[in-house]
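Everything below concerns the one structure shown next.
Note that the structure is a prediction, hence the values are computed from the model and not measured.
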Amino acid sequence: MICLALCTFGLALLGDASRAVPMDDQDYYLQEITNRDHYYSFPYPGEEFFPFTEQPAEEGPIRAAETEERPGVKPSRKELKQKKNNKKGKSVLETPPDCPPLGLETLKITDFQLHASTAKRYGLGAHRGRLNIQAGVNENDFYDGAWCAGRNDPYQWIEVDARRLTKFTGVITQGRNSLWSSNWVTSYRVLVSNDSHAWTVVRNESGDVIFEGNSEKETPVLNMLPVPLVARYIRINPRSWFQEGSICLRLEILGCPLPDPNNYYHRRNEMTTTDNLDFKHHNYKEMRQLMKTVNKMCPNITRIYNIGKSNQGLKLYAVEISDNPGEHEVGEPEFHYIAGAHGNEVLGRELILLLMQFMCQEYLAGNPRIVHLIQGTRIHLLPSVNPDGYDKAYKAGSELGGWSLGRWTQDGIDINNNFPDLNSLLWESEDQKKSKRKVPNHHIPIPDWYLSENATVAVETRAIIAWMEKIPFVLGGNLQGGELVVAYPYDMVRSMWKTQDYTPTPDDPVFRWLAYSYASTHRLMTDARRRACHTEDFQKEDGTVNGASWHTVAGSINDFSYLHTNCFELSIYVGCDKYPHESELPEEWENNRESLIVFMEQVHRGIKGIVKDVHGKGIPNAVISVEGVNHDIRTGADGDYWRLLNPGEYVVGVKAEGYTAASRTCEVGYDMGATQCDFTISKTNLARIKEIMRKFGKQPLSVAARRLRPRARPWQRR
């Protein structure tokens with residue numbers, strides 16, 4: 001009895017203590033134990049309370065709303081009438097809401113902050129109810145595409161714990177992302193609470209507001225609350241759903257967290273930046289104006305140019321940053337960042353605009369690292385490859401474009417996978433040793449069918465190809481969105497029977513290092529504590545992945561760049577949210593700033609040099625090979641070259657038409673800076689004879705013709 005009394009007294013003290021301490025200062029898991037209702041705290045019609053079921057909390061004095069009443073099986077006529085009236089209020093707002101998203105899509109809201117009445121299974125739990133979350137290919141995947149209730153009735157709910165008082169202003173919903181089923185919520189109520197016990201329903205003059213939900217599963221629908229409400233918890237209670245489906249939804253909550261300077265948890269997780277940059281989303285005109293501003297601030301190191309036009313006639317502008325803009329300097333490598341191949345992947349576009357501002361400011365401030373980078377590198381920044389697609393996404397706005405609005409060009413082409421498939425040409429040639437058609441292991445020509453006017457090739461793709469052929473890029477990164485990983489080639493599997501298979505290039509160790517150089521310096525990519533964006537966990541590869549082992553793609557920009565030019569290209573997925581809210585841009589900049597700079601610096605890793613003749617003249621189009629690596633590169637117009645390599649000792653060879661071949665050993669160290677590895681080669685005897693004969697207007701006899709003549713003479717004598 002004494003022990004029982006002591007235990008009862010201890011529990012009472014625990015309850016008193018939990019009520020005395022402010023909610024935000026308590027341990028989160030203690031709150032879950034002491035402050036949450038049982039998931040089934042109200043009975044179904046016709047059911048009786050069981051002894052273990054907790055009773056709903058008493059109605060509390062909550063302003064502008066009333067405590068939740070027990071929902072009925074079907075919406076009443078009054079609810080349906082309010083739903084009809086509310087349809088006029090359903091909006092894609094002309095002006096953005098005052099409060100930003102809480103962060104379900106960006107993962108700022110953790111899985112522990114999401115709860116639901118029931119779940120069909122773990123893969124459809126509350127933690128999957130995030131706006132734009134993508135499902136796996138299989139229907140019963142561990143990672144599925146929404147929260148789905150365990151039962152289809154109006155008693156179900158999904159709840160978000162903001163962990164602090166928040167001014168809630170709106171809700172955005174989607175249906176379930178699935179290739180095989182159609183599920184979405186067509187109407188719902190919204191409830192708020194300060195303690196997760198007493199709930200108040202959002203109301204207007206007519207009574208409880210029934211918000212209209214979705215009419216299909218992918219397009220986000222925004223509903224603003226009639227009056228902003230301050231609370232800690234918000235709950236969505238579906239009232240009706242697609243008749244042939246079930247209760248499934250993805251959501252985002254709009255709200256402004258109230259300041260709480262005394263709470264250590266929130267201070268610790270706040271991200272600030274000291275960089276004075278223009279953190280906003282820029283439409284086409286604003287992007288052009290920003291480029292002009294940067295050029296005006298740093299006219300000696302910047303140049304604006306365009307590489308062509310989009311389908312709708314918008315110029316594809318780029319900014320060059322170099323100590324001698326407008327010209328290629330012999331011995332200086334060329335680097336590029338491009339973004340916006342998918343027009344709705346906006347974060348990469350804004351990161352490039354922020355990068356050009358940052359580099360200009362830091363150069364003027366005398367930052368030695370940036371000054372050294374600009375003086376030794378010719379950098380090209382192309383922020384918007386698909387401005388037509390971006391315009392569609394921009395008009396819809398952040399959070400409301402869904403997963404794919406604006407992804408493709410105006411004529412419906414995915415630029416990222418619109419390049420010629422050179423992989424198949426190379427692999428077929430390697431597999432058929434006796435084939436008459438030999439394909440080189442580098443600078444593979446573009447097939448004639450691809451160059452024809454009838455080929456399904458976007459004008460933007462043709463512009464990029466011409467740009468890459470004109471400038472001798474050494475390294476490049478294309479910024480994409482929707483994931484947090486760096487993908488390196490090959491992007492296409494070699495076997496036609498597989499959709500996923502690790503397919504390395506001959507330079508696989510170099511590509512893996514390049515990918516890791518970005519991922520390891522990103523604030524989140526290699527953080528083992530972070531959750532997967534959608535369905536893939538890339539932590540086992542330290543935030544990197546071989547493209548073909550992820551999903552096979554024919555005609556990717558990475559594979560084309562590697563096989564047709566000297567450039568090593570990687571795809572950098574910079575964030576889970578393709579189109580983050582403007583308020584997220586400072587934090588995203590901090591996440592990526594160091595990585596963007598470190599990756600550019602990798603262009604100076606490996607060997608470099610100039611291939612000259614005996615007179616000191618550069619030899620263009622000479623082939624540079626590395627022993628043990630079945631991939632060559634070629635010299636530029638001035639005879640200079642750059643070959644990315646990891647630290648080690650290499651036998652490097654050079655050959656050019658009409659010149660004797662040569663080789664030497666070059667050592668690559670661990671310190672940053674490419675090893676100088678020059679060649680001087682002389683012409684072959686035959687080339688010298690041809691040059692002399694051409695000089696005097698005569699042509700030398702070919703070797704084959706000489707061999708035929710002696711054989712013909714005896715026959716003529718007979």
Side-chain angles (χ1 to χ4, degrees), residues 291 295 301-309 315-341 352 355-356 359 373-385 415 418-420 422 442-446 451 459-479 489 514 556-572 596 599-606 608-611 618-624 632-644 674:
M291 290 179 170
N295 179 244
I301 62 167
T302 61
R303 177 178 72 98
I304 303 173
Y305 66 100
N306 74 81
I307 69 168
K309 292 184 178 180
K315 292 182 179 179
L316 309 180
Y317 285 111
V319 168
E320 175 192 342
I321 302 179
S322 171
D323 56 346
N324 287 294
E327 62 178 274
H328 171 73
E329 297 181 69
V330 177
E332 187 171 281
E334 310 237 8
F335 175 93
H336 73 252
Y337 274 130
I338 65 175
I352 288 182
L355 180 63
M356 64 178 68
M359 296 192 71
L373 183 60
I374 292 175
Q375 289 179 346
T377 319
R378 191 181 182 204
I379 301 166
H380 303 259
L381 304 177
L382 178 59
S384 187
V385 175
I415 295 176
N418 191 221
F419 293 81
L422 304 181
H442 68 290
H443 282 249
I444 300 174
I446 297 175
L451 299 174
V459 293
E460 296 89 346
T461 308
R462 295 192 189 277
I464 295 171
I465 291 175
W467 183 53
M468 296 174 74
E469 291 178 334
K470 180 180 179 181
I471 300 175
F473 291 117
V474 180
L475 178 61
N478 55 88
L479 305 187
L514 292 171
S556 75
I557 185 174
N558 294 344
D559 290 2
F560 169 79
S561 179
Y562 182 68
L563 295 176
H564 185 67
T565 74
N566 289 342
C567 184
F568 286 31
E569 184 92 14
L570 291 85
S571 293
I572 303 170
L596 290 166
F599 189 73
M600 285 191 288
E601 292 172 334
Q602 303 312 304
V603 77
H604 296 282
R605 185 174 294 279
K608 66 178 182 179
I610 303 176
V611 179
I619 301 174
N621 214 34
V623 177
I624 305 295
D632 304 333
I633 63 165
R634 300 197 177 215
T635 58
D638 299 305
D640 50 354
Y641 77 91
W642 305 263
R643 181 62 164 92
L644 296 177

If you take all heavy atoms of [X] and [Y], which pair is closest and at what distance?
X	Y	value
Met291	Pro383	CE-CG, 3.3 Å
Leu316	Ser384	CD2-O, 3.9 Å
Pro333	Gly376	CD-O, 3.4 Å
Leu475	Val603	CD2-N, 3.8 Å
Gly477	Ile572	CA-CD1, 4.3 Å
Leu644	Arg605	CD2-O, 3.1 Å

Does [X] reach the side chain of [Y], with side-chain heavy atoms less than 4.5 Å apart?
X	Y	answer
Val474	Asn566	no
His442	Leu563	no
Val611	Ile624	yes

*asked:* Assess the residue pair Ile374 and Met359 against the criterion (side-chain contact (heavy atoms from CB on, under 4.5 Å)); give the C-alpha distance rounded to whole Å, side-chain angles, the decisive distance to 0.1 Å, and a yes or no.
replied: CA-CA 9 Å; Ile374 292 175; Met359 296 192 71; 3.8 Å; yes
What pairs with [X] under side-chain contact (heavy atoms from CB on, under 4.5 Å), at least two apart in sequence or on another chain?
X	value
Asp638	His328, Val330, Asp640
Asn621	Arg634
Val459	Asn311
Ile446	Pro420, Tyr450, Leu451, Ile465, Glu469, Phe560, His564

Measuring from atom [atom1] of [X] to atom [atom2] of [Y], what distance do you get when rounded to the nearest 0.5 angstrom?
X	Y	atom1	atom2	answer
Ile557	Ser571	CD1	OG	7.5 Å
Asn295	Thr302	CG	OG1	4.0 Å
Ile415	Ser556	CD1	OG	14.0 Å
Thr461	Phe419	OG1	CZ	5.0 Å
Leu422	Asp559	CG	CG	8.5 Å
Tyr305	Lys315	OH	NZ	14.5 Å

Suppose we screen for side-chain hydrogen bond (donor to acceptor under 3.5 Å, both in side chains). Which residues come up paired with [X], at least two apart in sequence or across chains?
X	answer
Asp632	none
Gln375	none
Thr635	none
Asn324	Glu329

*Is it true that Trp642 and His604 have ring centroids separated by less than 6.0 Å?*
no
*asked:* For Tyr337 and His380, I'd like to know if the aromatic rings sit close, meaning centre-to-centre distance below 6.0 Å.
replied: no
*Should Ser322 and Glu332 be marked as a side-chain contact (heavy atoms from CB on, under 4.5 Å) after you check the CA-CA gap, both sets of side-chain angles, and the distance that decides it?*
CA-CA 10 Å; Ser322 171; Glu332 187 171 281; 3.6 Å; yes
*With sequence neighbours left out, write down each residue that passes salt bridge (charged side-chain N to carboxylate O under 4.0 Å, His left out) with Arg378, or none if nothing qualifies.*
Glu320, Glu334
*asked:* Restricting to salt bridge (charged side-chain N to carboxylate O under 4.0 Å, His left out), what partner residues turn up for Glu601, sequence neighbours left out?
replied: Arg369
*asked:* Using 30° and 60° as the class boundaries, would you call the ring planes of His336 and Trp467 parallel, tilted or perpendicular?
replied: tilted
Any sub-3.5 Å donor-acceptor pair from [X]'s side-chain atoms to [Y]'s backbone N or O?
X	Y	value
Asn478	Leu570	yes
Thr377	Leu373	yes
Thr565	Met468	no

*Could you list the residues that satisfy ring-ring contact (aromatic ring centres under 6.0 Å, His included) with Phe568, not counting sequence neighbours?*
Phe511, Tyr562
*Kindly confirm or rule out a cation-pi arrangement of Arg643 over Tyr641, judged by NZ or CZ under 6.0 Å from the six-membered ring centre and within 45° of its axis?*
no
